[in-house]
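This chain uses plain numbering: 1 for the first residue, then up along the sequence.
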Amino acid sequence: MNRTLFDRRPGAELAQSDLQRPLPGGDITRVRRRLTMLGLAFAIGFTGLSIRVVHLSKPDLGRGMAAEAATIDVAPELPAKWRRRTSITDRDGQLLAVDLPTQALSIETRKVRRPVRLSRQLAEALGDTTPEEVQARLAKARGVLWLRWRLTPDQVAAIMAVGDPSIDLVPAVTRSYPTGSLTAHVVGFMDSERQGRAGLERGVQEQLLDPEMPPVQSSLHLGVQHIMRSELARAIDTFSAIGGAALVMDIHNGEILSMVSLPDFDANVRDSMREDAFFNRATYGRYEMGSTFKTFTAALALEAGKRLSDGYDATDPIKAGRFRIRDHHAKQRWMTVAEIFKYSSNIGAAKIAVDIGTEAQQDLLRSIGLLDRPELEIPEVVSPQLPRRWNELETMTIAFGHGLSVSPLQLASAIGAMVNGGNYVEPTLLKRSPANPATVRRVIAERTSENIRKLLRLVVADGTGRSAAAPGYMVGGKTGTAEKAIAKGYARKRLITSFVAAFPMHAPRYVVLAMLDEPKGTKETFNYITAGWNAAPTVGRMIPRIAPLLGVVPVDELDPEIQRVMALPPSADPLARPKKGARDATL
């Protein structure tokens, strides 16, 4: 049979001898040509498939997604700002902010054949938009439409089920905040371009974007933070305040273990939060802090050589032009420096400040950070508001906390210097390490600091801060009540109340501050709205809850050695009455 495998004539079957016969030269050429073409087709297909695999596996965060659903003609290369960010943790390594893998949804508009149908399918898959919205954006888009840059697993599955060739799912990352609103003002948040806009996300952004750096470890203690937030929220609700702030700081290294500002927000769903929730009252709020400033006035007197038993005439109000300085609970007599502090006498504080002098007052306040903008790792830090002129009247009012506005952060840091032996320590929101050492400077004598501790303890033991007492923890502190400054003076019924405390006073370790913004009176407070009725008891509830987490063990407050350390000379508080059951009459 004279046939070959490539014989085009139909009909006759091939015999075995035909299969074994060598092919003619022309047939061999055709076989080679066809095999070459087949190999070339396989090569082209494999190359295209490889390019597609590389495209899908590229760690692209949504090329050109300057904002969610931005449209572009040609997808640009990945900008540096879309790089992954390292995590933020608390002091024990618990995550506060972390990048998580997700998918972004893009649509190649040139491949869309049935826009109405595709819009309906995508709206159903996404579940948070309408077909009309998707269709309108498809109509406006040119080239590539980035419809979503963060998809949930359920949305990814639903979109894949659509199966339209114009759809592209691109690997991306999203920033998650596991603690939600608990650490909102410390951690902060990012905008839609993954740029830090608040908190540590902005303040230490360079470190977060450095691939060689470990996670950023904040100074926060999550357990303490939870307690402080819950107690502050309880106080705001109880006293119908419009907001508040709270802080806990280690007085020896400046670490801020807790910082709360309410109202707050959840960075995971921040678009739905009210605008004032982003305002950080603890560091960006600026307030006249009232009688807490008498702590610095007492230190001013002691630094100038005055004794706790030295006295000033607080019999009559002070007239200064059209102003009159009065005491809230006037004793109308001569009072020692200790009594002026214990009973929170405005008249006595004003006379101390005038006696020592304006220049000395300014020097002390500047040394403890109350006249300059503090340094902190977040951008929401405000400069103090100083008086336009600083004459004798301003010297008197600043002595009892009016006329100079500072942040709660500044107040807590300054009080830390008053009780830690006399050293001002720069505050920090990052855990101390060799790379983040504490900046320390001496501001008052150690002997002055010892006496200030005794005065602060006196206020809680037998003064205006009795409701802050926490048995076993030797709390000392100072109340502060200030009317809010308005355009033409002060609003008498709109108060800022605060209580700043330290514990344990015989060996202090921590400062605790609570501030309420415009609290209201209650039946239980007999409608009083001063700090002794609201801010002080709030701190009194906070300390017994946080102390065990911080390793502070309760003590016997009547222990003779503790009583000896905290005792005032009898002449400093001559009218003090022995407390029932006390072993030492000095307190």
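- Here the straight-line distance linking atom CE of M228 with atom CD1 of I543 works out to 8.5 Å at 0.5 Å rounding.
- A search for ring-ring contact (aromatic ring centres under 6.0 Å, His included) contacts involving H185 returns F265, not counting sequence neighbours.
- Residue pairs meeting the side-chain hydrogen bond (donor to acceptor under 3.5 Å, both in side chains) criterion with at least one member in residues 91-102, sequence neighbours excluded, are R91-E255, D99-R175, D99-R194.
- Between the side chains of Q217 and T89, no donor-acceptor pair of N or O atoms lies under 3.5 Å.
- A donor-acceptor contact shorter than 3.5 Å is absent between the side chain of E108 and the backbone of S166.
- For H402, the ring-ring contact (aromatic ring centres under 6.0 Å, His included) criterion is met by F400, Y490, not counting sequence neighbours.
- Residues meeting the ring-ring contact (aromatic ring centres under 6.0 Å, His included) test with F296, sequence neighbours left out: F293.
- Shown here are the side-chain hydrogen bond (donor to acceptor under 3.5 Å, both in side chains) partners of T183, two or more places apart in sequence or in another chain: T179.
- The side-chain hydrogen bond (donor to acceptor under 3.5 Å, both in side chains) check on D128 picks up R148, with sequence neighbours excluded.
- For A158, the side chain to side chain contact (heavy atoms under 4.5 Å, CB included) test picks out A125, with sequence neighbours left out.
- Remark: side-chain polar atoms of E288 are paired, donor with acceptor, to backbone N or O of G403 under 3.5 angstrom.
- Here K111 pairs with nothing under the side-chain hydrogen bond (donor to acceptor under 3.5 Å, both in side chains) rule; sequence neighbours left out.
- Applying side-chain contact (heavy atoms from CB on, under 4.5 Å) to T497 and the options D517, N534, T538 leaves one that passes, N534.
- Taking the side chain to side chain contact (heavy atoms under 4.5 Å, CB included) definition, one finds that A157 meets it with nothing, sequence neighbours left out.
- Applying the side chain to side chain contact (heavy atoms under 4.5 Å, CB included) criterion to D372, with sequence neighbours excluded, gives R366.
- For T439, the side chain to side chain contact (heavy atoms under 4.5 Å, CB included) test picks out E426, with sequence neighbours left out.
- Under the rule for a ring-ring contact (aromatic ring centres under 6.0 Å, His included), F499 has no partner lying at least two apart in sequence or in another chain.
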